[in-house]
Amino acid sequence: MASSALISDTQQWKDLKAHVEDINKTHLRDLLSDDKRCQSMLVEFDDILLDYSRQQATPETIQKLFELAEAASLKEKIIRMYSGEHINSTENRSVLHVALRASRDAVIQSDGQNVVPEVWKVLDKIQEFSEQIRNGSWVGATGKALKDVVAIGIGGSFLGPLFVHTALQTDPEAVESARGRQLRFLANVDPIDVARNITGLNPETTLVVVVSKTFTTAETMLNARTLREWISSALGPSAVAKHMVAVSTNLTLVEKFGIDPKNAFAFWDWVGGRYSVCSAVGILPLSLQYGFSVIEKFLRGASSIDQHFYSQPFESNIPVLLGLLSIWNVTFLGYPARAILPYSQALEKFAPHIQQVSMESNGKGVSIDGVPLPFEAGEIDFGEPGTNGQHSFYQLIHQGRVIPCDFIGVVKSQQPVFLKGEVVSNHDELMSNYFAQSDALAYGKVHLSLHYSSKLYFR
Ligand SMILES: O=P(O)(O)OC[C@H]1O[C@](O)(CO)[C@@H](O)[C@@H]1O
């Protein structure tokens, strides 16, 4: 396919369009009674099980979606991305967030340079700095250890780190390593958010991390000036050097703001803001709270799924399958939304994170060449932990409109409670609740995919 041609002009697209009519004649109840079909729709990798048998699709649909992926040169595009080609054509940049979690000995090139040593230079600096803060060898202006951290940032400089922090907050190992420490996130420019975030904190024992790729975002910079004033009015202007650090690609503006570039943690323009959680954007605040060794496991998990995405054939490639099913639901079947429903409170902030990652990426009305799209692209994501959502918006899903749902289950709870006979008091009960919901929906008119996973991102 020529690069400026629209995918909707291909024969593979037209075949899928024609196939919608066949699918609309089938009921999910009948699709689910076909054991061979259901078995072919299970994929396992790294303790993650994807079950997409509850999608409104047959093996023929999936085959046609693979053919569409081929027509779109998806495999070639993945290879081009991992090779550091400038696939971000609007900004003429590489797209290399996968390099942020690559192993120390990996080689990933951007503009003729291996970027992995640079990545590890920053990770080593984060490890050293977070250990100094956590063991009290770096102290504040009055000689006290810095036990609390406020991370200022918005959008991609906020949602990913908040999601991971929320996921770790009740993990037993993370709880132990965060004992006596607090991590807060200040994003909103509304001064109420400032007030809430500094309530109960003492500037003498607080470290502020200003996180901004550009270091120009209005909300973040205003909040940074507000907390700079909070520190200097309590401890004097010279205290800023000990109490404020930065994460940015723009070290010139960091210095102009009054933060010593030695206390800045760099990342690169080949990291999109919404994919930056594995850069210093996420790794610095999270290492300050939990220690680098805990957070390194998150990087290893992310790297593992990167390798899976790169090397697995599409038939067993979880990210590719989920992407194709999303196109099928949104663009071909015409369902505009997707509910993300984790059955774990630890994944409470997963939906807002995916909301940005997916909607900011796919919410476009034109092709990469600027040609208006004659079809809808990108879904409206929303979601909550399922056990709460079923008491609010599930009614509409059960009885109103068709919303494809992604159910996410967790086999082993971070915090199981065992009270014999109590509903949802232990994890088995939670899991059966989750299966009951997913099956109720499957036998109704709703189509859903089920990600039933023991761990997400973590090994
Ligand atoms: O990290 P920065 O440069 O402050 O940008 C914050 C966010 O603003 C956006 O550019 C759009 O609102 C996001 O993509 C980005 O993550």
Side-chain angles (χ1 to χ4, degrees), residues 81 86-101 119 122 126 149-166 183-191 193-194 197 208-228 244-259 261 263-288 302 349-366 368 377-382:
M81 173 178 143
H86 287 199
I87 62 165
N88 173 353
S89 52
T90 47
E91 292 173 305
N92 193 23
R93 289 176 183 167
S94 311
V95 178
L96 278 181
H97 47 279
V98 293
L100 300 170
R101 51 251 185 165
V119 166
V122 176
I126 291 174
V149 171
V150 179
I152 304 176
I154 198 165
S157 294
F158 160 57
L159 291 161
L162 176 71
F163 152 57
V164 180
H165 173 53
T166 314
L183 172 60
R184 299 183 181 189
F185 291 91
L186 169 55
N188 199 338
V189 73
D190 182 340
D193 208 19
V194 174
N197 272 293
V208 175
V209 184
V210 185
V211 185
S212 175
K213 181 174 172 180
T214 54
F215 230 70
T216 57
T217 305
E219 296 91 331
T220 299
M221 297 324 297
L222 178 55
N223 281 332
R225 289 192 294 276
T226 307
L227 287 211
R228 184 178 59 188
M244 284 186 99
V245 299
V247 175
S248 187
T249 58
N250 194 336
L251 299 183
T252 313
L253 289 185
V254 168
E255 189 167 12
K256 254 193 179 158
F257 179 85
I259 293 175
N263 302 333
F265 297 80
F267 67 114
W268 307 273
D269 64 8
W270 40 260
V271 182
R274 55 193 176 275
Y275 307 116
S276 64
V277 61
C278 292
S279 71
V281 165
I283 304 306
L284 177 63
L286 293 164
S287 297
L288 288 163
K349 296 293 176 191
F350 186 55
H353 172 47
I354 294 305
Q355 229 164 22
Q356 191 207 18
V357 169
S358 171
M359 290 168 81
E360 208 173 60
S361 299
N362 298 327
K364 315 285 179 201
V366 294
I368 199 153
E379 60 269 272
I380 303 157
D381 282 315
F382 70 102

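What you see below is based on every heavy atom in this structure, not just the backbone, and it leaves out hydrogens, waters and symmetry mates. Remember, it's 1-based here, ligands and their atoms both numbered in the order they're listed.
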Numbered atoms and elements of ligand 1 in range of Q356, under 4.0 angstrom, heavy atoms:
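The list of qualifying atoms is 13 (C), 14 (O), 16 (O).
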Closest approach of any protein heavy atom to [atom], naming residue and atom:
| atom | answer |
| --- | --- |
| atom 12 (O) of ligand 1 | E360 OE2, 4.0 Å |
| atom 15 (C) of ligand 1 | G156 N, 3.9 Å |
| atom 3 (O) of ligand 1 | T214 OG1, 2.6 Å |
| atom 6 (C) of ligand 1 | I154 O, 3.3 Å |
| atom 5 (O) of ligand 1 | T217 OG1, 3.4 Å |

Any donor-acceptor pair under 3.5 Å from R93 side chain to N88 backbone
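No: the side chain of R93 does not pair with the backbone of N88.
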Return yes if some donor-acceptor pair links the side-chain N/O of S248 with the main-chain N/O of K213 below 3.5 Å, else return no.
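At least one qualifying donor-acceptor pair exists.
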Taking atom CG of D269 and atom CD of E91, what is their separation to the nearest 0.5 Å?
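Here the rounded value is 8.0 Å.
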Interatomic spacing from CD in E219 to CD1 in I154 - rounded to 0.5 Å:
4.0 Å
Please check whether V211 reaches ligand 1 - meaning an N/O of the residue sits under 3.5 Å from an N/O of the ligand, judged on distance alone.
no
R274 to ligand 1: N or O pair under 3.5 Å?
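No, no N or O pair falls under 3.5 Å.
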Which atom of M81 lies closest to which atom of I87, heavy atoms considered
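Result for this residue pair: CB-CD1, 3.5 Å.
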Run L100 and Y275 through side-chain contact (heavy atoms from CB on, under 4.5 Å) and show every step you take.
CA-CA 10 Å; L100 300 170; Y275 307 116; over 6 Å; no
